[in-house]
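Predicted model, so just to flag it, every value in this text is computed and none were measured.
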Amino acid sequence: MSLAFLVGGMPRGGTTLVAKFLSLHPQSFCYAGETHLLPLLHGMFADAPCHPQRLEEVIDQLRRQLREAMLEMPRFSVERGAHPGNLLFCEADVERLCGGVRQLLGDRLHGLELHRAALVLLDATLARVQSRPLRGEKTPSNLFAMARYPQATRNVLVGREPLGFVRSARGRVQGADPFAAAFEGSIEASVGLYLDYAHASRRLLQQDPGALWVRFEDLALAPAAVLQRLHDHLGLAVEERALRFVEQGNDPQLEDRAPFRYRRPGLQTADDFLSPEER
């Protein structure tokens with residue numbers, strides 16, 4: 001089987017919360033810890049296959065990436081208070097996934113063919129730890145592969161206005177997050193990163209009229225409506241209990257199902273965190 005859906009979109013834009021919402025249904029699970037597998041394969045092999053002499057170098061790079069994304073980042077998050085159910089994978093899972101990618105690249109797959117094969121590989125990886133029939137994966141930079149191959153899977157795109165993105169990115173850096181290097185730098189770097197994702201978002205929406213667009217602002221102001229739209233997108237009936245939960249919280253069993261510590265996001269619209277020059 002292949003992954004049923006992908007979640008991608010603006011970093012610090014609510015992609016993790018959308019993934020958790022998709023896991024509130026007993027038949028659906030979205031891995032929110034990220035793998036970054038699809039963006040890596042798209043970035044390196046969209047137009048040409050892997051050269052045989054570079055294969056092991058690529059696998060070494062992939063192994064480092066997967067260890068950080070699937071093992072180290074979830075462990076860091078749980079140590080800081082995240083739900084322990086986020087610890088899904090072990091070293092053997094990383095090695096198994098690396099072995100699958102080695103086979104795909106050794107077979108000279110690239111472009112759409114490689115993307116589709118990687119969707120099957122990711123689904124098999126998730127199936128070993130999660131038996132729900134509808135499975136998906138969230139990585140913000142999935143967006144770039146989604147925009148290139150819009151019909152390969154059902155797509156959920158998450159967006160956020162730029163001031164909120166910059167504020168959240170700076171907060172992560174200032175919070176001494178060791179995995180926040182992508183958000184360091186000047187206001188120009190933040191704007192450039194935002195525009196990269198904004199342009200890719202527009203391409204996806206133009207090419208895939210069936211993609212579901214979710215705004216961070218709606219997650220904060222109307223989470224029940226967002227949950228309903230997400231379930232409709234997957235053809236699932238939403239539970240009244242889940243609708244109440246995303247509005248009010250306070251349901252440990254649903255938190256365990258996702259799994260997450262749910263806190264409804266708030267909106268901050270002031271730009272007082274910017275210097276006069278940045279403003």
Is it the case that the side chain of [X] and the backbone of [Y] share a donor-acceptor pair, with hydrogens and angles ignored and the cut-off at 3.5 Å?
| X | Y | answer |
| --- | --- | --- |
| Asn142 | Leu38 | no |
| Ser23 | Cys30 | yes |
| Arg167 | Gln268 | yes |
| Ser275 | Glu278 | yes |
| Gln65 | His36 | yes |
| Arg229 | Trp213 | yes |
| Arg135 | Thr125 | no |
| Glu239 | Ala242 | no |
| Arg63 | Cys98 | no |
| His25 | Ala237 | yes |

Shortest non-hydrogen separation from [X] to [Y] and the atoms involved:
| X | Y | result |
| --- | --- | --- |
| Val166 | Ser190 | CG2-CB, 4.1 Å |
| Ser28 | Leu234 | OG-CD1, 3.6 Å |
| Tyr31 | Pro74 | OH-CG, 4.2 Å |
| Leu112 | Ala152 | CD1-CB, 4.4 Å |
| Phe45 | Pro49 | CD2-C, 3.9 Å |
| Leu24 | Ala258 | CD2-CB, 4.2 Å |

So if you build clusters from Ile, Leu, Val, Met, Phe, Trp, Tyr with side-chain heavy-atom gaps below 4.5 Å, do [X] and [Y] land together?
| X | Y | result |
| --- | --- | --- |
| Tyr197 | Phe183 | yes |
| Val18 | Met10 | no |
| Leu157 | Leu193 | yes |
| Val78 | Phe89 | no |
| Tyr194 | Val214 | no |

Under the ring pair (Phe, Tyr, Trp, His ring centres under 6.0 Å) rule, what pairs show up with a residue in [range], not counting sequence neighbours?
| range | answer |
| --- | --- |
| residues 49-73 | none |
| residues 56-86 | Phe76-Phe179 |
| residues 119-138 | none |

Does the distance from a Lys or Arg side-chain N to an Asp or Glu carboxylate O, for [X] and [Y], drop under 4.0 Å?
| X | Y | answer |
| --- | --- | --- |
| Glu34 | Lys138 | yes |
| Arg75 | Glu68 | no |
| Arg257 | Asp251 | no |
| Arg96 | Asp93 | yes |

Discussion item. Working note: Arg67 + Glu95, criterion salt bridge (Lys or Arg N to Asp or Glu O under 4.0 Å); need CA distance, chi angles, decisive distance, verdict.
Written reply: CA-CA 9 Å; Arg67 282 174 175 165; Glu95 289 303 316; 3.6 Å; yes
Worksheet entry | Verdict with supporting geometry, Leu134 and Leu236, side chain to side chain contact (heavy atoms under 4.5 Å, CB included) | CA-CA 10 Å; Leu134 292 177; Leu236 299 171; 3.8 Å; yes
Worksheet entry | Residue pair Phe144, His42: steps toward the ring-ring contact (aromatic ring centres under 6.0 Å, His included) verdict | CA-CA 8 Å; Phe144 299 100; His42 168 258; 7.4 Å; no
Any chance you could measure [X], atom [atom1], to [Y], atom [atom2], to the nearest 0.5 Å?
| X | Y | atom1 | atom2 | answer |
| --- | --- | --- | --- | --- |
| Glu217 | Arg215 | CD | CZ | 5.0 Å |
| Leu66 | Leu40 | CG | CG | 8.5 Å |
| Leu41 | Leu104 | CG | CG | 8.0 Å |
| Asp196 | Ser201 | CG | OG | 10.5 Å |
| Leu254 | Arg244 | CG | CZ | 9.5 Å |
| Ser2 | Leu122 | OG | CG | 9.0 Å |

Item to complete: For side chain to side chain contact (heavy atoms under 4.5 Å, CB included), just list the numbers for Leu163 and Thr269, CA-CA rounded to whole Å, side-chain angles, deciding distance to a tenth of an Å, and then say yes or no.
Response: CA-CA 8 Å; Leu163 275 178; Thr269 57; over 6 Å; no
Once ring pair (Phe, Tyr, Trp, His ring centres under 6.0 Å) is applied, do any residues pair with [X], and if so which ones, sequence neighbours excluded?
| X | value |
| --- | --- |
| His110 | none |
| Phe216 | none |
| His233 | none |

Discussion item. Does any part of the side chain of Asp208, heavy atoms only, come nearer than 4.5 Å to the side chain of Gln151, both counted from C-beta?
Written reply: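 Side chain of Gln151 against side chain of Asp208, heavy atoms only: contact under 4.5 Å found.
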Practice prompt. With the side chain counted from C-beta on, respond yes when Arg264 and Gln248 share a heavy-atom pair under 4.5 Å apart, and no when they do not.
Written response: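 Not in contact.
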Do other residues, nucleotides or ligands put more than 12 heavy atoms under 6.0 Å from [X] [atom1]?
| X | atom1 | value |
| --- | --- | --- |
| Arg279 | CZ | yes |
| Arg54 | CZ | no |
| Glu56 | CD | yes |

Fill in: Pair Glu188-Ser186, side-chain donor/acceptor within less than 3.5 Å
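Yes, side-chain donor-acceptor contact under 3.5 Å.
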Worksheet item: So among Leu88, Thr35, Leu87, Leu37, which one has a side chain to side chain contact (heavy atoms under 4.5 Å, CB included) with Met70?
Response: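 When side chain to side chain contact (heavy atoms under 4.5 Å, CB included) is applied between Met70 and each of Leu88, Thr35, Leu87, Leu37, only Thr35 qualifies.
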Discussion item. Please verify the inter-ring angle class for Tyr262 with Phe245; under 30° counts as parallel, over 60° as perpendicular, anything in between as tilted.
Written reply: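 Tilted: the ring planes of Tyr262 and Phe245 meet at 30° to 60°.
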Practice prompt. Report the C-alpha separation of Leu143 and Val158 in whole Å, then their side-chain angles, then the decisive distance to 0.1 Å, and conclude whether the side chain to side chain contact (heavy atoms under 4.5 Å, CB included) test is met.
Written response: CA-CA 9 Å; Leu143 169 64; Val158 186; over 6 Å; no
Worksheet item: Passes side chain to side chain contact (heavy atoms under 4.5 Å, CB included), Leu267 versus Glu161? Steps please.
Response: CA-CA 11 Å; Leu267 288 181; Glu161 53 83 18; over 6 Å; no
